[in-house]
J.: 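Sharing a structure, written as structure tokens. Questions coming.
Since the model is a prediction, treat every value here as computed from it, not as a measurement.
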Amino acid sequence: MLLDYEMLRLVCWGVLGLFVMGFVLSSGIEIGVSMLLPFLNASEPQHAGLVARLAPTSAGNQVWLLVTIGVLFAGWPTVYAATFASFQPLLLLTVLSLFVRPLGWYFRTSVTREDWLKKWDKALFISGLLPAALLGVMAGNLLKGVPFHLASDMHIAFLGSFSGLFSPFASLVGATCVALLTVHGAIYLQTHTQDALYQRSKALAMSGGLAFLVLFALAGGWITHLEGYHVSTDIMPNGLSNPLTKFVKRGDGLWLDNYEHEPALWALPALAFVCGIAALVLSRLDKAYWALLASAVTVVMVILTMGVSMFPFLAPSNISLNSSLTIWDASASLTSLSALLCLTGVLLPLMAIATRGLYKMLP
Amino acid sequence: MISETVVELSRAQFALHAVQYFLFVPLTLGLSLLLAGLESWFVISGQEVYQRLTQFWGKLFAIGFGLSMASSLAIACQFGANWSYFSHYVGDVFAMPLLLGFAGLFIAANGLGWFLFGWQRLGKGTHLGVTWLIAIGCHVSLFGFLLASGWMQNPVGGELNPQTLRLELLDLSLVLSNPLAWAKFVHSLLASYVVAAGFVLAISAYYLIKQRETELAQCSYRIAAAFGLLTVIATMAIGDTSVYGAGAMQHNKLAAINGLPNDAALEQNRQRIGNGVKAYALLQELRDDKKEPELLAAFAAAKVDLGYALLLKRWRESVTDASPAQIEQAVHASVPATAPLYWGYRLMIAAGALLVLLFLAANAVNILGWRHTWLFKASVYALPLPWLASASGWFISEFGRQPWLVADMLPTWQGVSTLTVADVAVSLVAYGLAYAGLLALAVMLTLKFIEQGSADALPINQEPSHVA
């Protein structure tokens with residue numbers, strides 16, 4: 001065995017993060033564009049053209065989500081179980097809205113009746129907006145803590161409610177996520193359109209971008225006062241995966257703990273902010289390709305910021321603090337994580353190259 | 001205590017996803033191989049008609065693939081959302097084959113983009129390579145999912161860890177070489193080919209009756225008839241019962257299928273429940289951090305039956321205090337109900353036999369020139385048959401596993417998430433409506449593409465040059 005249990009958990013956590021980024025970067029464009037469709041004032045042939053451009057990538061993008069779920073399940077089965085059951089109503093809505101794509105892209109133009117096209121455009125808009133907002137709300141709930149309790153026989157009790165999932169903070173994170181993907185989609189459109197549609201995309205990128213910067217700053221400010229979590233007993237990174245062997249405390253601003261210990265980490269949220277501004281400036285200066293790169297970096301930095309703030313927690317519990325799940329005590333076994341690392345070591349580069357290639361093949 | 005309604009609703013919801021999965025995954029899998037074959041022949045022989053065939057069946061493949069993606073996504077969320085204790089208890093072993101299935105799905109999904117939209121942008125050889133990749137992806141995906149589902153019937157390669165209270169992976173190679181999963185895979189693979197052959201045969205026969213697209217239809221009809229006959233015979237000959245009898249549960253299932261009495265099995269289960277209760281008591285002591293060697297040895301000896309103690313949890317939370325009456329209840333619920341399995345099996349065999357006749361007749365059309373309209377009509381009306389056979393096969397395998405979720409380890413009752421009845425009921429209805437909508441959309445699009453024929457080769461405009 002090349003890596004010990006501690007390293008393995010850490011590396012697999014990084015791999016999980018890379019899959020999340022892969023999903024958001026590839027699907028983000030598609031989600032962003034579907035949210036923007038009704039606001040582009042584009043003619044039907046223009047709509048059809050945009051749809052033709054994105055259709056080929058859609059199925060592959062969606063499988064990024066599937067694989068990410070699979071990696072979470074294989075790497076942290078208990079986290080998968082606790083969060084998916086807690087977020088069950090949110091997931092239901094997300095999955096139902098994702099059903100619309102890729103079929104919607106493929107077959108929107110198969111029937112040219114006007115009411116059919118209108119319905120598809122509405123359906124596509126929802127299939128962009130709902131996943132973006134709800135995945136954001138899920139992220140917000142992870143930061144706030146999820147209401148579950150682990151019994152001594154490891155049965156999980158779920159004590160939340162549907163309305164409880166939409167706390168003001170979680171909703172704010174949902175809105176930030178929508179704004180972020182709107183910018184990403186709009187800048188992508190900028191790289192692939194001309195004339196009126198280009199100007200429209202540019203304007204949408206600007207308003208979406210400003211909204212994102214404000215919301216991100218707001219969420220950042222809120223986190224300094226939000227109740228964070230901290231493991232107060234000794235962490236055993238090489239220990240068995242039993243989440244009930246530690247004590248966890250909760251307190252205002254504890255999510256900033258990691259930044260205090262490692263000030264270099266401040267670079268992550270700072271870069272998210274700076275790259276967000278850079279993307280807007282570049283988009284304004286008509287350097288659409290560079291703007292797209294900058295917005296991709298923004299996406300990556302936002303995900304990293306969230307992961308690093310919560311580290312080592314994956315799913316803190318807000319009603320039974322000691323039930324909280326961390327990367328150390330809720331992971332798969334050593335054998336299983338090694339197998340996961342081997343499989344994803346092949347899969348991740350392959351998926352990244354295939355996805356990039358497909359986007360590149362399109363004109 | 002777990003609510004009975006939540007268990008039943010969760011089971012219904014999983015069955016709903018699985019039915020949707022088993023409608024479209026066999027079809028797309030079979031079609032993917034057909035596409036690869038057709039396009040290979042186009043590249044080798046240079047005959048245009050085979051390219052048009054590939055494009056026509058490719059459109060129908062895309063519909064099926066979109067729908068099988070939908071059910072895969074729902075299933076990926078299902079384990080955690082509705083079966084969270086199951087996910088925690090066996091996820092360490094179970095998730096890896098599932099991930100393999102998703103990896104296969106990615107190859108196919110990404111390839112589909114190149115396939116549908118790369119006809120003009122890729123070279124002939126590259127495009128053919130992509131088509132083969134789709135076929136390979138579909139096969140890997142089915143393999144991964146059946147490895148996971150076969151593991152639930154014959155859980156090998158894992159061991160219970162008393163400290164983490166879950167099953168942990170010991171040896172991945174045992175999971176990958178699980179003989180029962182391989183038997184299931186081969187059987188389902190062949191059955192999927194039959195589904196696709198039946199689908200192609202029906203649509204081609206429809207064209208032949210209407211005397212439209214005759215070139216395309218004759219060609220497809222010939223291929224589907226020959227391919228279908230071969231695969232349906234192979235499916236029935238190989239079966240997947242060859243490895244049954246290995247475990248007690250498979251034995252019970254087989255007894256139920258054949259309508260045999262299972263008194264011996266009940267007696268054996270009574271003993272295993274007794275032994276399981278001992279294992280359960282020992283486990284509680286072990287968890288109190290007692291590590292005496294004799295305790296560990298006693299647990300190691302009894303732990304194969306630990307799952308049988310969990311059967312009691314349906315009636316008594318603290319299983320060590322279960323009354324003799326409660327043990328008797330658990331014993332009687334420890335084998336699957338006979339009648340559904342007995343009839344399900346016969347339905348599958350009957351559908352299989354009819355399919356043999358159908359494909360024999362279809363080959364007679366080709367070889368002996370029996371061009372009777374009623375034969376073509378029979379091919380059209382037989383469209384549901386392969387699905388019926390495949391669905392009853394799935395039903396036997398999953399229903400025959402009851403009362404276990406994971407054979408001899410985790411009872412179905414123990415696996416569910418303790419959600420409220422309302423939560424599960426709402427999602428059941430919502431998924432039901434969504435699938436009904438998707439199904440209607442798929443049927444509508446399929447009929448439309450059949451009307452269009454091979455004239456409009458691609459689902460959407462290829463060159464978005466008019467984006468201004």
J.: With a 4.5 angstrom heavy-atom cut-off, could you sort out which part of A/V100 is near chain B: side chain, backbone, both or neither?
T.: neither
J.: For each of B/V90, B/N161, B/L100, B/L112, tally heavy-atom pairs with chain A at distances under 4.5 Å, and name the one with the top tally.
T.: B/L112
J.: Taking every heavy-atom pair that is under 4.5 Å apart, which of B/G91, B/G80, B/A95, B/G113 has the most such pairs with chain A?
T.: B/G80
J.: For the residue pair B/F106 and A/W64, does the interplanar ring angle fall in the parallel (under 30°), tilted (30 to 60°) or perpendicular (over 60°) class?
T.: perpendicular
J.: Given side chains that start at C-beta, do those of B/L99 and A/L343 come closer than 4.5 Å, heavy atoms only?
T.: yes
J.: Heavy-atom distances under 4.5 Å only: say whether A/T57 touches chain B with side chain, backbone, both or neither.
T.: neither
J.: Which heavy atom in A/A85 sits nearest to a heavy atom in B/L419, and how many Å separate them?
T.: O-CD2, 3.7 Å
J.: Indicate yes or no for a side-chain donor-acceptor contact from B/N110 to the backbone of A/G60 under 3.5 Å, with no hydrogens or angles considered.
T.: no
J.: Who wins among A/P102, A/G75, A/A354 for the most heavy-atom pairs under 4.5 Å with chain B?
T.: A/A354
J.: Of A/V71, A/L65, A/V67, which meets side chain to side chain contact (heavy atoms under 4.5 Å, CB included) against B/F102?
T.: A/V67
J.: Nearest heavy-atom pair of B/A430 and A/L96: which atoms, and what distance?
T.: CB-CD1, 3.9 Å
J.: Just by distance, do the side chain of B/S87 and the backbone of A/T78 share a donor-acceptor pair under 3.5 Å?
T.: no
J.: Decide if the gap between the ring center of B/F449 and the ring center of A/F107 is smaller than 6.0 angstrom.
T.: yes
J.: Roughly how far apart are B/C77 SG and A/L91 CG, rounded to 0.5 Å?
T.: 5.0 Å
J.: For B/D92 and A/S333, which I'm curious about, is there any donor-acceptor pair between the side chains at under 3.5 Å?
T.: yes
J.: Report the distance from atom NE2 of B/H88 to atom NE2 of A/H155, rounding to the nearest 0.5 Å.
T.: 8.5 Å
J.: Using non-hydrogen atoms and a 4.5 Å limit, figure out which bit of B/L438 sits close to chain A: side chain, backbone, both or neither.
T.: side chain
J.: Any idea which of A/A157, A/G357, A/A42 has the most non-hydrogen atom pairs under 4.5 angstrom with chain B?
T.: A/G357
J.: Could you state the interatomic distance from CE (B/M96) to CZ (A/F73), rounded to the nearest 0.5 Å?
T.: 10.5 Å
J.: Nearest 0.5 angstrom please: A/Y106 OH to B/K59 NZ, how far?
T.: 14.5 Å
J.: Which answer fits B/F79, side chain, backbone, both or neither, if we ask what part of it has an atom under 4.5 Å from a heavy atom of chain A?
T.: both
J.: For A/D153, is it the side chain, the backbone, both or neither that has a heavy atom under 4.5 Å from a heavy atom of chain B?
T.: both
J.: Let me confirm one number: the OH-CE distance from B/Y89 to A/M154, rounded to the nearest 0.5 Å.
T.: 12.0 Å
J.: Measuring heavy-atom distances to chain B, does A/S331 have an atom under 4.5 Å in its side chain, in its backbone, in both, or in neither?
T.: backbone
J.: Where does A/L358 contact chain B at under 4.5 Å (heavy atoms): side chain, backbone, both or neither?
T.: both
J.: Given a strict heavy-atom distance threshold of 4.5 Å, which part of A/I69 is in contact with chain B: side chain, backbone, both, or neither?
T.: side chain
J.: Roughly how far, to the nearest 0.5 Å, is the CG atom of A/L103 from the CD1 atom of B/I63?
T.: 8.0 Å
J.: Keeping A/T335 on the side-chain end and B/L169 on the backbone end, is there a donor-acceptor pair under 3.5 Å?
T.: yes
J.: Have A/Q88 and B/S417 got a donor and an acceptor in their side chains that come within less than 3.5 Å?
T.: no
J.: Less than 4.5 Å to any heavy atom of chain A: does that hold for the side chain of B/L105, its backbone, both, or neither?
T.: both
J.: List the steps and the verdict of side chain to side chain contact (heavy atoms under 4.5 Å, CB included) for B/T418 and A/F158.
T.: CA-CA 7 Å; B/T418 48; A/F158 305 99; 3.7 Å; yes
J.: Is chain A contacted by the side chain of B/T420, its backbone, both, or neither, given a heavy-atom distance below 4.5 Å?
T.: neither
J.: What's the shortest heavy-atom distance between A/M361 and B/R121, and which atoms?
T.: O-CD, 3.5 Å
J.: Looking at chain A, which one of B/I107, B/L165, B/D171 has the largest number of heavy-atom pairs inside 4.5 Å, strictly under?
T.: B/L165
J.: Examine whether an atom of B/L283 lies under 4.5 Å from a heavy atom of chain A, and if so say whether it belongs to the side chain, the backbone or both; otherwise answer neither.
T.: neither
J.: Please give me the minimum heavy-atom distance between A/F84 and B/A76, naming the atom from each residue.
T.: CE2-O, 4.4 Å
J.: If you look at every heavy atom in A/F99 and B/A70, which pair is closest and at what distance?
T.: CE1-O, 3.2 Å
J.: Apply side chain to side chain contact (heavy atoms under 4.5 Å, CB included) to B/R166 and A/S241, showing your working.
T.: CA-CA 10 Å; B/R166 64 174 183 188; A/S241 281; 3.5 Å; yes
J.: Do A/L334 and B/E168 come within less than 4.5 Å of each other through their side chains, counting heavy atoms only?
T.: no
J.: Out of B/L441, B/L172, B/V426, B/N82, which one racks up the most heavy-atom pairs below 4.5 Å with chain A?
T.: B/L441
J.: In terms of heavy-atom proximity below 4.5 Å to chain B, should A/L66 be classed as side chain, backbone, both, or neither?
T.: both
